[in-house]
Amino acid sequence: MYCKIIFSLIVSILLSISQSVVAGVQIGGSRVVYDGNNQQASISVNNMDDKPYLIQSWVNKQMDFDDNDETFITTPPLFRLDPHAQNSVRIIYTGKPLPQDVESVYWLNIKTVPSTNHGTTNALLLSVKSRMKLFYRPAGIEGDVTTAYQKLQFRQRNNLLYAYNPTPFSVSLYDIKVDQRVLDKPPMVLPKHEVALHLAVLPGANIRWRAINDFGGIYPEQKKACDSTVGN
């Protein structure tokens with residue numbers, strides 16, 4: 001009985017934490033596309049809570065750690081967001097050289113820290129960091145981003161499956177199925193790059209896949225047979 005009470009208490013705390021995060025700061029998207037024809041891109045930050053939050057933002061080149069890359073800066077990098085207020089994080093390209101014939105991918109980080117009341121002790125503060133893809137799409141890039149995912153090529157090499165992206169756009173796979181198998185954690189396939197999908201496959205295997213569009217939605221499923229063995 002005692003264990004059940006403790007378990008119920010823990011579940012209640014976790015649920016309240018989850019609800020407070022959802023009800024707190026909402027970010028207006030799951031990715032940002034920076035059009036090279038524009039001087040900046042932006043994403044909204046909306047405080048749905050009754051207390052203020054501190055908002056911090058920055059851009060990384062690497063996904064897994066802060067590398068202090070200065071190709072893009074955010075403004076304001078740090079600001080207070082009052083209750084039920086909205087602001088925007090603007091992303092500005094600093095002009096450091098980037099390829100102009102293919103997309104470049106960076107990572108936008110937005111951290112939210114709730115305020116505390118003066119005199120409060122033993123308070124649990126939960127800071128939440130959201131990380132999303134930032135696509136820099138150069139002005140004049142050729143091709144149609146909405147059909148890029150349809151042009152993925154699937155190849156078998158050394159009995160393993162590879163995906164090649166021949167387009168100048170990044171393709172973020174939502175899911176991929178090989179016959180009756182589903183790939184865990186579908187990758188992003190960068191422009192003109194090939195990635196190993198770590199699945200054993202035979203030539204002619206049935207490949208089905210979906211990808212994520214610029215707005216976080218899902219493109220319709222595509223089907224293709226795996227190409228014959230390419231090299232060794």
Side-chain angles (χ1 to χ4, degrees), residues 29-43 58-67 69-74 91-109 131-158 160-178 183-199 201 207-231:
S30 61
R31 61 232 301 110
V32 177
V33 177
Y34 193 123
D35 187 338
N37 291 295
N38 300 329
Q39 295 184 345
Q40 64 181 27
S42 64
I43 189 167
W58 68 96
V59 174
N60 291 342
K61 177 59 179 174
Q62 305 297 324
M63 175 182 176
D64 297 327
F65 60 93
D66 296 336
D67 48 33
D69 187 277
E70 295 182 352
T71 305
F72 295 90
I73 60 173
T74 59
I91 305 101
I92 299 174
Y93 174 44
T94 63
K96 293 181 67 174
L98 285 176
Q100 294 301 302
D101 57 344
V102 295
E103 279 186 344
S104 297
V105 181
Y106 285 74
W107 296 89
L108 172 64
N109 303 273
R131 178 182 288 123
M132 65 198 71
K133 294 171 184 174
L134 168 63
F135 299 95
Y136 177 74
R137 190 168 295 161
I141 192 172
E142 297 182 357
D144 182 359
V145 66
T146 64
T147 61
Y149 83 107
Q150 300 174 356
K151 299 177 182 178
L152 289 182
Q153 300 172 10
F154 295 94
R155 306 167 173 175
Q156 185 252 32
R157 186 165 66 249
N158 298 329
L160 294 178
L161 182 64
Y162 291 78
Y164 174 69
N165 178 6
T167 78
F169 303 99
S170 297
V171 175
S172 296
L173 288 167
Y174 177 74
D175 59 15
I176 181 167
K177 302 173 183 177
V178 180
L183 180 69
D184 292 332
K185 298 181 180 180
M188 173 174 59
V189 190
L190 295 173
K192 314 294 183 180
H193 277 65
E194 181 183 70
V195 297
L197 299 180
H198 304 292
L199 281 177
V201 66
I207 313 294
R208 293 180 293 159
W209 73 99
R210 292 183 293 174
I212 304 172
N213 63 29
D214 282 352
F215 308 100
I218 311 301
Y219 286 121
E221 184 178 77
Q222 298 294 304
K223 300 179 181 179
K224 182 180 293 185
C226 179
D227 293 341
S228 300
T229 303
V230 180

Taken to the nearest 0.5 Å, the spacing of N60 CG from N109 CG works out to 4.5 Å
Salt bridge (charged side-chain N to carboxylate O under 4.0 Å, His left out) filter on E194, not counting sequence neighbours, yields R155, R157
query: Do the side chains of K224 and W209 get nearer than 4.5 Å, heavy atoms only?
result: yes
By side chain to side chain contact (heavy atoms under 4.5 Å, CB included), A225 pairs with (sequence neighbours left out) none
Those residues at least two apart in sequence (or on a different chain) that pass side chain to side chain contact (heavy atoms under 4.5 Å, CB included) with L190 are V105, S170, M188, H193
Quiz prompt | Side-chain donor or acceptor of T74 paired with backbone N/O of I91 under 3.5 Å | solution = no
Contacts of Y93 meeting ring pair (Phe, Tyr, Trp, His ring centres under 6.0 Å) (sequence neighbours excluded), chain-then-number -> F72, Y136
Sorted by chain and number, sequence neighbours left out, side-chain hydrogen bond (donor to acceptor under 3.5 Å, both in side chains) with S104 holds for none
By salt bridge (charged side-chain N to carboxylate O under 4.0 Å, His left out), D214 pairs with (sequence neighbours left out) R137
Sorted by chain and number, sequence neighbours left out, side-chain hydrogen bond (donor to acceptor under 3.5 Å, both in side chains) with Q222 holds for Y149
Residues at least two apart in sequence or cross-chain that pass side-chain hydrogen bond (donor to acceptor under 3.5 Å, both in side chains) with N38, listed by chain then number, are none
Check your understanding: Do L98 and Y106 touch side chain to side chain, with heavy atoms closer than 4.5 Å?
Key -> yes
message: Atom CD of residue position Q100 - does it have more than 12 heavy atoms of other residues, nucleotides or ligands inside 6.0 Å?
response: yes
Report task. Side-chain contact test, heavy atoms from C-beta onward, threshold under 4.5 Å: evaluate it for D69 versus V59 and give yes or no. Result -> no
* NZ of K223: more than 12 outside heavy atoms within 6.0 angstrom? -> no
Contacts of P166 meeting side chain to side chain contact (heavy atoms under 4.5 Å, CB included) (sequence neighbours excluded), chain-then-number -> K151, Q153, Y164
R210 meets the salt bridge (charged side-chain N to carboxylate O under 4.0 Å, His left out) criterion, sequence neighbours left out, with D175
Residue pairs passing the salt bridge (Lys or Arg N to Asp or Glu O under 4.0 Å) test with at least one member in residues 29-42, sequence neighbours excluded, are none
| task | Return yes if some donor-acceptor pair links the side-chain N/O of D144 with the main-chain N/O of T146 below 3.5 Å, else return no. | result | yes
Sorted by chain and number, sequence neighbours left out, side chain to side chain contact (heavy atoms under 4.5 Å, CB included) with D184 holds for none
Nearest heavy-atom contact between A163 and F154 is CB-CE2, 3.8 Å
